[in-house]
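Atom set for the values below is all heavy atoms of this structure, side chains included, hydrogens, waters and symmetry mates excluded. If you read the sequence from its start, that first residue is 1, and numbering goes on from there.
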Amino acid sequence: MSTPPPVVTKYIEAHKALDLASMHECQADDYVFSDPAFPDSDTKASKAMWAFFIKNREKNKMKVTYGEVKGSGLVWDADYVVDYVFNGRPVVNHIHAHLTLDEAGEKISKQEDTFDFYAWARQSLGLFGTLLGWSGFLRGQVQAKAKATVQSFIEKEEATSKL
């Protein structure tokens, strides 16, 4: 098994420590992120999403743990778990991250996370998530709300020059 390059190790350690500045140092200028709640986010939204979650870590009681990291060259995979509170409900989200490095292998240019959306919806949305978490309708509603939340966060941060 290959040893992850320094940027991957630094990124994972920064994520576990909820160290936004160090995470951003590891992300390429054109870094993009995608997952079931934040699909195909552009660079600004991708970086703002992490800022939103980390800046609200006290409120959402976020804790991140990583498992095995595997890969080679410019492509690395890692499994991690995020424990947090969403809408007053405890959530334990098991996530698989697929990281792609830039051509120089010095920054992360793309992160594609996958997780069981139905399991997440059951935990985070209670009965509503249990009944509709399998549906494309609910996924679309969650995505629209997530996008609006990040956009609102961007606007507030830009108004106070913190982003």
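In terms of the side-chain hydrogen bond (donor to acceptor under 3.5 Å, both in side chains) criterion, T43 has no residue partners (sequence neighbours excluded). Applying the side-chain hydrogen bond (donor to acceptor under 3.5 Å, both in side chains) rule to D19 yields the partners S22; only residues at least two apart in sequence or on another chain are considered. Every residue was checked against the ring pair (Phe, Tyr, Trp, His ring centres under 6.0 Å) condition with Y31, not counting sequence neighbours, and none meets it. Among residues two or more places apart in sequence or in another chain, the ring pair (Phe, Tyr, Trp, His ring centres under 6.0 Å) test is passed with F33 by W50. Scanning for salt bridge (Lys or Arg N to Asp or Glu O under 4.0 Å) contacts around K10 gives E25, with sequence neighbours left out. Here N87 pairs with nothing under the side-chain hydrogen bond (donor to acceptor under 3.5 Å, both in side chains) rule; sequence neighbours left out. Annotation: side chain to side chain contact (heavy atoms under 4.5 Å, CB included) contacts of P39 (sequence neighbours excluded): S34, Q143. Qualifying side-chain hydrogen bond (donor to acceptor under 3.5 Å, both in side chains) partners for E155, counting only residues two or more places apart in sequence or in other chains: Q151. Judged as a salt bridge (Lys or Arg N to Asp or Glu O under 4.0 Å), and not counting sequence neighbours, the contacts of E13 are K16. Qualifying ring pair (Phe, Tyr, Trp, His ring centres under 6.0 Å) partners for Y66, counting only residues two or more places apart in sequence or in other chains: H15, Y80.
Inter-residue side-chain proximity for K55 and F153 is flagged as met; some heavy-atom pair is nearer than 4.5 Å. A 4.5 Å side-chain heavy-atom check between L101 and V8 finds at least one atom pair inside the cut-off. Contact of the D35 side chain with the E112 side chain is not registered, since no non-hydrogen atoms from C-beta on lie closer than 4.5 Å. Using a 4.5 Å heavy-atom cutoff, the side chains of H94 and V81 are in contact.
Screening residues 127-151 for salt bridge (charged side-chain N to carboxylate O under 4.0 Å, His left out) gives no qualifying pairs among residues at least two apart or on separate chains. Screening residues 73-89 for salt bridge (charged side-chain N to carboxylate O under 4.0 Å, His left out), with sequence neighbours left out, gives no hits.
Using modelled atom types, one side-chain atom of T130 and one backbone atom of G126 make a donor-acceptor pair closer than 3.5 Å. At distances below 3.5 Å, at least one donor-acceptor pair connects side-chain atoms of S135 with backbone N or O atoms of L132. Judged by distance alone, with hydrogens and angles left aside, the side-chain atoms of D42 form a donor-acceptor pair with the main-chain N or O of A45 at under 3.5 Å. Under the 3.5 Å distance criterion, the side-chain polar atoms of Q123 are matched with a main-chain donor or acceptor of A119.
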Given side chain to side chain donor-acceptor pair (under 3.5 Å), test N56 with E58 step by step and report yes or no. CA-CA 6 Å; N56 287 292; E58 298 301 323; over 6 Å; no
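Between A97 and Q111, the shortest heavy-atom contact is CB-NE2, 4.1 Å.
Ring orientation note: the planes of F86 and Y84 are nearly perpendicular, at an angle over 60° on the 30°/60° scale.
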